[in-house]
A.B. asks: 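I'd like to ask some things about the structure below.
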Amino acid sequence: MKVCIIGSGLSALTLAKALVNQNIFVDILPLNKNYIPNKSRTIGISKSNLDYFNNEIINIKKIIWKLKKIQIYSDNLMNEKLLNFENNDQLFSIVKNSQIYEILNKSLLSNKFYRKIKFTKKIKNLESYNLIVNTDYKSFFTKKFFSKKIVKVYDSLAYTTILDHKNISNNIAIQIFTKRGPLAFLPISKNKTSIVYSIYKSKNNKKKLDLEKLIHHYNLKYKIKKIHKVESFQLRSFNLRSYYYENILAFGDLLHTIHPLAGQGFNMTIRDVKVLINIIKQKINLGLPLDISVNKEFEKKIRHKNYIFSNSIDFIQEFFNFERKINNSILSKSVQVIGKNTSIKNFIINIADNGINY
Ligand SMILES: Cc1cc2nc3c(=O)[nH]c(=O)nc-3n(C[C@H](O)[C@H](O)[C@H](O)COP(=O)(O)OP(=O)(O)OC[C@H]3O[C@@H](n4cnc5c(N)ncnc54)[C@H](O)[C@@H]3O)c2cc1C
């Protein structure tokens with residue numbers, strides 16, 4: 001069994017590692033051989049996804065930072081928590097994208113089932129692969145087979161950076177729905193906290209954005225020593241209409257991209273890996289070939305769930321965007337009331353942890 005993965009981002013390496021763990025040969029075709037993830041980017045991984053990652057993909061226990069609480073605030077109701085999620089062990093874990101990437105890359109490079117192949121304009125022998133998995137927007141396959149999607153371009157940019165601060169017991173993440181957009185403080189160690197600030201572009205406000213000033217304004221607890229270089233990304237969300245073409249499957253953010261406010265994009269991909277690997281395992285156990293039927297089954301099992309999940313993240317974004325526009329705390333107050341109901345809170349925690357009944 002042989003799989004070719006096009007692209008070499010986090011999704012590509014995660015899937016590659018899950019496949020070589022099943023003794024499946026994987027050739028990776030990086031379109032940009034010098035790509036390494038940005039050092040200011042972090043990823044929040046849910047508890048059940050982390051367990052799956054550690055047990056079935058690769059052990060990342062050493063590089064994660066555990067969060068026990070997530071607190072949600074709104075500018076319209078500052079000083080009062082909208083929601084408070086907690087778990088004495090761990091609710092979510094934060095890790096640097098570049099560190100997961102390095103661990104996966106190092107382990108794959110020494111694996112006999114894994115090969116990194118050079119990209120040449122005429123890639124030969126693609127017929128020799130049972131499956132081809134495309135994770136890169138710039139690949140030939142994307143333009144040809146995966147251009148039909150349901151897209152939403154947010155009128156926002158995400159800004160990310162890392163804060164260096166004095167040591168504190170740092171295991172509470174804070175998300176504030178500010179007038180300019182959602183701002184998250186995501187602890188990654190006792191003295192470092194990552195920032196993700198999605199800011200709506202304002203037509204009226206032509207002044208240069210002073211991110212440092214905004215961070216200081218909303219910072220509730222850190223004695224900040226340094227704010228690292230700020231990176232920015234255009235935000236959009238989309239879902240591909242069709243997940244595959246024959247034995248070519250789209251994967252990762254190419255399949256579904258969502259707003260980062262709930263920290264769920266890569267979590268969706270980990271759930272996809274779980275589903276795909278289970279289908280592949282079943283085929284192998286039954287002595288069946290890996291072919292287009294894997295893609296068909298994968299799409300059937302997960303596309304509708306991914307679509308509903310993406311839309312619920314979009315709904316949260318629209319909800320707080322609406323509240324911001326009407327400049328009234330009525331919506332926040334209703335969230336506060338609903339959030340006091342333990343069953344509803346547990347329901348939200350379960351969806352954030354496991355997705356929609358995966
Ligand atoms: C601000 C922000 C915060 C996020 N936080 C979370 C979170 O907390 N939890 C979570 O689950 N998800 C989060 N996500 C989503 C998560 O980062 C993505 O789902 C994940 O990184 C996608 O990996 P990928 O390999 O599918 O795509 P990509 O990383 O886009 O890679 C796809 C392909 O593009 C290439 N590529 C990518 N960037 C470049 C570049 N700059 N130059 C050249 N080639 C490039 C790669 O080599 C690869 O071949 C966040 C996203 C953003 C924007």
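When a ligand or atom number is given, it counts from 1 through the structure's own listing order.
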A.B. asks: Look at atom 31 (O) of ligand 1 and say which protein heavy atom is nearest, naming residue and atom and giving the distance to 0.1 Å.
C.D. replies: Gly9 CA, 4.0 Å

A.B. asks: Over all heavy atoms of both residues, which pair between Leu235 and Ala158 is shortest? Give the atoms and the distance, please.
C.D. replies: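 Shortest heavy-atom contact: CD2-CB, 3.7 Å.
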
A.B. asks: Which heavy atom of the protein is the closest neighbour of atom 53 (C) of ligand 1, given with residue, atom name and distance?
C.D. replies: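 I find the closest protein heavy atom is Arg41 NH2, 3.6 Å.
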
A.B. asks: For atom 43 (C) of ligand 1, what's the nearest protein heavy-atom neighbour? Residue, atom name and distance, please.
C.D. replies: Asn32 ND2, 2.9 Å

A.B. asks: Quick check: Phe266 and ligand 1, any N/O pair under 3.5 Å apart?
C.D. replies: yes

A.B. asks: Atom 26 (O) of ligand 1: which protein heavy atom is closest, and how many Å away?
C.D. replies: Ser11 OG, 2.5 Å

A.B. asks: Would you give the length of the straight line joining atom CG of Asp136 to atom CD1 of Ile5, rounded to the nearest 0.5 angstrom?
C.D. replies: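 It comes to 12.5 Å.
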
A.B. asks: With a 4.0 Å cut-off on heavy atoms, is Thr160 touching ligand 1?
C.D. replies: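 For ligand 1, residue contact (heavy atoms, under 4.0 Å) with Thr160 is present.
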
A.B. asks: So, using side-chain contact (heavy atoms from CB on, under 4.5 Å) as the criterion, who are the partners of Arg115 when residues are at least two apart?
C.D. replies: Lys2, Asp27, Ile117, Tyr129

A.B. asks: Clusters formed by hydrophobic residues whose side-chain heavy atoms approach within less than 4.5 Å: which one holds Val153, and what are its other members?
C.D. replies: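 Direct or chained contacts put Val153 with Tyr137, Val151, Phe238, Leu254.
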
A.B. asks: Please confirm whether Gly44 comes within less than 3.5 Å of ligand 1 when only nitrogen or oxygen atoms on both sides are compared.
C.D. replies: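 N/O-N/O distance under 3.5 Å: yes.
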
A.B. asks: Any protein heavy atom sitting closer than 4.0 Å to atom 28 (P) of ligand 1?
C.D. replies: no

